Amino acid sequence: MLGANMKILIGAATLVAATTMLLGLSAPVLASGDDDNGDRREIGDYEFSSGSPDFVHGVPINPEEAWTLAVGGRIYDNWWNALDVAEPRGTHPAYPEIGQKSGEQTWRCKSCHGWDFLGKDGIYAEGSSNYTGIGGITGAIGRPVEQIAALLRDENHLYTTDMINDEQMGWVAAFVSRGQIDVAKYIDLTTRTMIPGAGDISRGRGIFQTVCAACHGFDGRLLDWGDGDSSNFVGTEASELPDEVLHKVLSSHPGAAMVNLRAFPVQFSVDVVAYAATLPVD
Ligand code: HEC
Ligand code: HEC
């Protein structure tokens, strides 16, 4: 009996609390007739009537750290596809003679500093077709975002506000300051392969089967970005360029409607790349 009474009491208390909450939350909106007041976290990020910003190039109302670091990582990868702006013309003036690349590719951060953020001291060392002699950016980890953003408009970088505006520069600077990972912990920089045991293949398989397979297929062969003669699947790229795939899993592919795992522990991304490297390559 006592048990039943308690339940009713608790039920009534919950109802009162819920009603109070409803009234409390809706009252300011009703009173002001303005949906833009107050802390959005309390009433939710979006009003029911507003449209949804596009996932690929849009900006959420209330960006969390994970979103900011992921978009920053996409700008680092390829800023014009990430930001949907005109691609740059010609070779970057600071791209050295010794480098083997030319044209728009030389404007990508990764072309000078690498997917491992180590520049000439990492995978893009002397002997690599991506060698430039330029150093890495790990020294900028933890540096103030404004300082990094200012540096990206200097004579080494020459990024104008038409290319990357100030808000967007804040995102890539945040990525440089707080989003870099220690790639050498997971990938052998000399052989450019996953370090055996660095990733948990079973957990990676689980993530792949439930997340990546939705678009890439269980065997990773549903999407092919090869050039016609040769295929390029997730499996191909993960076994040849695991550092690049790790970056894309953490930030997603610029301009593509692809998810990313930035909101989860880095280890999950490492696991999925380790598994992807076991998938068919052609
Ligand atoms: C054409 C080559 C090139 C491109 C592209 C490039 N950088 Fe640099 N970056 C340099 C050079 C040269 C330096 C000077 C220091 C050096 O040689 O390492 C530098 C230095 C830096 C530093 C300072 C490193 C430190 O420890 O002080 C950061 C941070 C940086 N770049 C970030 C970026 C980001 C982010 C992008 C893309 C938005 C980018 N860079 C694109 C050439 C490039
Ligand atoms: C919602 C769909 C979707 C999901 C889920 C998805 N991807 Fe993708 N992914 C894409 C699309 C679209 C592309 C662009 C393909 C192209 O360029 O032809 C892409 C591209 C890639 C690329 C290649 C980028 C390049 O270098 O050209 C890799 C690697 C990749 N995805 C890995 C993954 C992994 C690993 C997962 C799971 C963590 C995943 N993707 C989940 C849609 C998705």
Side-chain angles (χ1 to χ4, degrees), residues 55-56 72-83 88 91-96 99 101 104-115 117-121 132-143 145 147-159 163-164 168-169 171-177 179-180 204 206-217 220 222-226 232-262 264 268-269 271-277 279:
F55 176 70
V56 178
R74 292 196 292 277
I75 297 171
Y76 184 86
D77 177 337
N78 180 315
W79 50 268
W80 58 96
N81 284 342
L83 303 173
T91 299
H92 193 298
Y95 191 81
K101 313 285 171 188
E104 63 191 42
Q105 294 306 314
T106 60
W107 286 83
R108 298 168 71 184
C109 312
K110 81 96 198 164
S111 295
C112 291
H113 300 299
W115 298 112
F117 320 114
L118 294 168
K120 66 177 166 50
D121 303 311
T132 62
I134 295 168
I137 58 166
T138 53
I141 293 174
R143 220 182 272 167
V145 163
Q147 210 177 306
I148 297 168
L151 170 146
L152 293 173
R153 303 222 187 272
D154 73 9
E155 66 285 355
N156 275 326
H157 292 100
L158 305 165
Y159 296 112
M163 299 174 174
I164 306 174
Q168 298 160 344
M169 202 58 114
W171 300 332
V172 69
F175 168 79
V176 168
S177 182
Q180 297 186 56
I207 297 169
F208 198 93
Q209 290 175 353
T210 56
V211 180
C212 319
C215 302
H216 290 279
L222 211 52
L223 292 179
D224 183 356
W225 48 93
N232 203 352
F233 302 124
V234 181
T236 325
E237 196 163 308
S239 49
E240 290 170 4
L241 312 168
D243 45 318
E244 177 172 347
V245 176
L246 184 55
H247 186 84
K248 289 184 192 281
V249 170
L250 279 163
S251 296
S252 111
H253 184 57
M258 172 166 149
V259 298
N260 65 74
L261 304 188
R262 183 70 68 169
F264 305 103
F268 291 9
S269 295
D271 298 342
V272 85
V273 178
Y275 173 67
L279 289 170

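Each ligand, and each atom within it, is numbered from 1 in the order the structure gives. Being a predicted model, the structure only gives us computed values, none of them experimental.
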Legend entry - V172/W79 under side-chain contact (heavy atoms from CB on, under 4.5 Å): CA gap, chis, key distance, verdict: CA-CA 9 Å; V172 69; W79 50 268; over 6 Å; no

Inset, instruction - Compute the minimum heavy-atom distance from A257 to ligand 2 and say whether it is under 4.0 Å. - result: yes

Inset, instruction - Check L223, V211, L279, D224 against H216 for a side chain to side chain contact (heavy atoms under 4.5 Å, CB included) and give me the one that passes. - result: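 Passing option: L223.
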
Inset, instruction - State which residue, out of D271, V272, I207, fulfils the side chain to side chain contact (heavy atoms under 4.5 Å, CB included) condition with V249. - result: V272

Enumerate the atoms of ligand 1 whose separation from the nearest heavy atom of [X] is less than 4.0 angstrom.
X    : result
T106 : 1 (C), 5 (C)
V176 : 29 (C), 35 (C)
R108 : 5 (C)
Y95  : 1 (C)

Legend entry - Atoms (protein N, O or S; no water) under 2.8 Å from atom 8 (Fe) of ligand 1: 2

For the student: nearest non-hydrogen atoms of [X] and [Y], plus distance:
X    : Y    : value
G220 : F233 : O-CB, 3.4 Å
F117 : Q180 : CB-OE1, 3.1 Å
S239 : A277 : CB-O, 4.0 Å

Is there side-chain contact between [X] and [Y], with at least one heavy-atom pair below 4.5 Å?
X    : Y    : value
T132 : K120 : no
V234 : C212 : no
P96  : I134 : yes

Legend entry - Aromatic ring pairing H92/W107, orientation class (parallel under 30°, perpendicular over 60°, tilted between):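 Rings of H92 and W107: tilted, 30 to 60°.
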
Inset, instruction - Check the angle between the aromatic planes of H247 and W115 and answer parallel, tilted or perpendicular using the 30° and 60° thresholds. - result: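 Because their plane-to-plane angle lies in the 30° to 60° range, the rings of H247 and W115 count as tilted.
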
Nearest protein heavy atom with distance in Å, relative to [atom]:
atom                    : value
atom 35 (C) of ligand 2 : V249 CG2, 3.5 Å
atom 5 (C) of ligand 2  : V211 O, 3.3 Å
atom 25 (C) of ligand 1 : R143 NH2, 3.4 Å
atom 18 (O) of ligand 1 : G135 N, 3.2 Å
atom 24 (C) of ligand 1 : G136 O, 3.9 Å
atom 26 (O) of ligand 2 : E237 OE2, 2.8 Å

With a cut-off of 3.5 Å and sequence neighbours excluded, list every side-chain donor-acceptor pair involving residues 252-260.
| unit_1 | atom_1 | unit_2 | atom_2 | d |
| --- | --- | --- | --- | --- |
| S252 | OG | M258 | O | 3.3 |
| H253 | ND1 | K248 | NZ | 2.9 |
| N260 | OD1 | R262 | N | 3.1 |

Inset, instruction - Give yes or no for whether the N/O distance cutoff of 3.5 Å, strictly under, is met between E244 and ligand 2. - result: yes

Inset, instruction - Assess whether side-chain contact (heavy atoms from CB on, under 4.5 Å) is satisfied between S269 and F264, documenting all intermediate values. - result: CA-CA 8 Å; S269 295; F264 305 103; over 6 Å; no

Inset, instruction - Evaluate the side-chain contact (heavy atoms from CB on, under 4.5 Å) criterion for residues L246 and D243: first the C-alpha distance (whole Å), next the side-chain angles of each, then the deciding distance (0.1 Å), finally the verdict. - result: CA-CA 5 Å; L246 184 55; D243 45 318; 5.7 Å; no

Inset, instruction - Tell me which one of F233, Y275, F268, W225 gets a heavy atom nearest to atom 16 (C) of ligand 2. - result: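 When every heavy atom of F233, Y275, F268, W225 is considered, W225 comes closest to atom 16 (C) of ligand 2.
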
Inset, instruction - Report the member of W107, Y159, Y76, F175 with the shortest heavy-atom distance to atom 41 (C) of ligand 1. - result: Y159

Inset, instruction - Could you check Y76 against I137 for side-chain contact (heavy atoms from CB on, under 4.5 Å), going step by step and ending with a plain yes or no? - result: CA-CA 12 Å; Y76 184 86; I137 58 166; 3.6 Å; yes

Legend entry - Atoms of ligand 2, numbered as shown, that sit under 4.0 Å from any heavy atom of V245: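 Taking each heavy atom of V245 in turn, ligand 2 has 29 (C) under 4.0 Å.
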
Inset, instruction - Using ring-ring contact (aromatic ring centres under 6.0 Å, His included) as the criterion, list what pairs up with Y275, not counting sequence neighbours. - result: F208

Inset, instruction - Give every protein N, O or S atom lying under 2.8 Å from atom 8 (Fe) of ligand 2, naming each by residue and atom. - result: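 Listed by chain and number, the nearby protein N, O or S atoms are H216 NE2, M258 SD.
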
Inset, instruction - Scan side-chain atoms only and decide if W225 and E237 contain a donor-acceptor pair under the 3.5 Å cut-off. - result: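 Looking only at side-chain atoms, E237 and W225 do form a donor-acceptor pair, the distance falling under 3.5 Å.
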
